[in-house]
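Here is how names work: the chains are called A, B, and so on, in the same order as the sequence lines, proteins then strands, and each is numbered from 1.
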There are 2 protein chains.
Amino acid sequence: MTIRQRAKRTRPERPAETLSKQRVVATALSIIDREGMDAFSMRGLAQALGVYPTAVYWYVANRNALLAEVVAHALRDVVPPEDVAQDLGDWTVWLKDLFGRYRNAVQRHPNLAALMGAQMVSNAGVNPVLVEKILTVLSAAGFKDERLVRAFNSVVAVMTGFVTIEFATAPTEDRDRWAAELKRAIHAVDAREHPVLARNLPRLANRAFIVRWQNGIDVPLDDSFETYIDVAIKGLRQLLPNGRRRVS
Amino acid sequence: MTIRQRAKRTRPERPAETLSKQRVVATALSIIDREGMDAFSMRGLAQALGVYPTAVYWYVANRNALLAEVVAHALRDVVPPEDVAQDLGDWTVWLKDLFGRYRNAVQRHPNLAALMGAQMVSNAGVNPVLVEKILTVLSAAGFKDERLVRAFNSVVAVMTGFVTIEFATAPTEDRDRWAAELKRAIHAVDAREHPVLARNLPRLANRAFIVRWQNGIDVPLDDSFETYIDVAIKGLRQLLPNGRRRVS
DNA sequence: ACCTGAACACCGTTCAAGT
DNA sequence: ACCTGAACACCGTTCAAGT
């Protein structure tokens, strides 16, 4: 977990401009954004806040609870505001906006990508308004009862699926060596063993999942994301009772 | 990270029936399966193997590298065998089988769910045969060039999306208290603020993402998963050039 | 080649005290 | 109510030795 070459942390730094949960969460997020998940620690956070490690525990129960709040904070802008064509007859516009907003949030905090996906277990760290909004839009579109549940779960899964892996971060240790080695291995693919891959290599290399050596921060997969969303929306529309109502 | 109440580990246990990378990876996986991600440590692993902590480093470069191998091992059976109706004209059957196999793998190792999704960045820990197979099936279905790349990325994202959050594990600490509190909060939802949620609560409670207090191990979301896959397949089919060729 | 043994520089968290 | 201070029981990883 890359310990050696970090600045030695002795005592508090800043004169502590009064602590608060707000400040604790915001500072934690900024550390994770800058240095990554592996480098984040409760002690490092305390140091950044200018207090003793144990002071943080006045505001959060433990590390996991804090991380849940950090995720919630990072996701605070995902719910589209009221004015997004919610009642304008096209539910697909609202969903596309939602998916895009989630992607933006992860894009801004890629080091949190894995946690953001995982946090969807429960509403512990997620705005309950998000749930109500999705349900409202799907209801208005014509989903109800059991079909509403299934559509809801599909929407949440679609929202997190692509983006979680698009921005998943590689081991922080020796990123450059790791990337170089991977790049080499990919270009050395055996055309006899993997003919389709070899034939399409220039198109796929560093632009397709698994066959990459950089993630969405360096190489965003905008086109594929668009297609993915399109696939989901088209599929959802076919799920509606009366065939495809309200064509976009 | 729940340290206190664990058995004190002093020295090696077993007389070490000769170490090997195989044994290191398999033992690591079994520890993670039994005790969860938080409880896994290099030192605990060494103890279980009956060797000194540093002996493990002869077989793996570091913790992250080991975890990548553990994920690869857990995913070893995801690629459908040759005989699955691959060339029988219906590419959707093969894809559905693939998605089901991935789900089974995660279901067997839920504590690894978050890592499994994240590992799709690169082929470091993933079988390259998987890539070739997906490309082959999609090519045969009619996807080519840029469309092939987009379809491939969509397929991988669909494969991991639902399942990653379905089996995401809650903080290991105080699971029962956490679940009880969540259950209470969900049932106490304000019908004025969240009318659609309140109206559909019996249907959604513990059966919809975010509105859950248990995960897929305790409450599998089979129906929703089926719908989700259906949505993806239907959407993918509409992506094909000549409309819907090869109807299932 | 494979493992021991000691050491280094960290961790999260608890508990008792201070103000 | 909010923070200090000391302590406990762990970590991952490096390096020099052993066999």
task: In plain terms, say whether B:Arg150 and A:Asp223 are close enough for a salt bridge, that is, a side-chain N and a carboxylate O under 4.0 Å apart.
output: yes
query: Is any side-chain nitrogen or oxygen of A:Tyr52 closer than 4.0 Å to OP1 or OP2 of D:dC3?
result: no
statement: Those residues at least two apart in sequence (or on a different chain) that pass salt bridge (Lys or Arg N to Asp or Glu O under 4.0 Å) with B:Lys21 are B:Glu69
- line: Sequence neighbours excluded, the answer for side chain to side chain donor-acceptor pair (under 3.5 Å) partners of B:His194 is none
Interatomic distance, A:Leu66 CG vs C:dT13 C1' [rounded to whole Å]: 14 Å
query: The side chain of A:Tyr57 lies closest to which of these nucleotides: C:dG5, C:dT13, D:dC3?
result: C:dT13
- request: Choose from C:dT13, C:dA7, D:dT14 the nucleotide whose nearest atom is closest to any side-chain atom of B:Arg43.
  value: C:dA7
Of all pairs that satisfy side chain to side chain donor-acceptor pair (under 3.5 Å), the ones with a partner from residues 103-116 of chain A, not counting sequence neighbours: A:Asp33-A:His109, A:Arg103-A:Glu166, A:Arg103-A:Asp222
- line: Looking only at D:dT4, C:dT4, D:dT13, the nucleotide nearest the B:Ala55 side chain is C:dT4
query: Could you write out DNA chain C as a dot-bracket string, with dots for unpaired bases, | for bases paired across to another strand, and Watson-Crick or G-U pairs counted at under 3.5 Å?
result: ||.|||||...|||||.||
- prompt: Would you say the side chain of B:Ser41 and the base of D:dG12 hold a donor-acceptor pair, judged only by whether the two atoms sit under 3.5 Å apart?
  reply: no
- request: Only counting residues at least two apart or in another chain, list the ones meeting salt bridge (Lys or Arg N to Asp or Glu O under 4.0 Å) with A:Arg207.
  value: B:Glu146
task: Only counting residues at least two apart or in another chain, list the ones meeting ring-ring contact (aromatic ring centres under 6.0 Å, His included) with A:Phe225.
output: A:Phe162
query: Of the nucleotides D:dT13, C:dG12, D:dC3, which has the atom closest to the A:Arg63 side chain?
result: C:dG12
- prompt: Can you tell which of D:dT13, C:dT13, D:dC3 lies closest to the side chain of A:Tyr59?
  reply: D:dC3
- request: Report yes if at least one side-chain N or O of B:Trp58 is closer than 4.0 Å to OP1 or OP2 of C:dC2; otherwise report no.
  value: yes
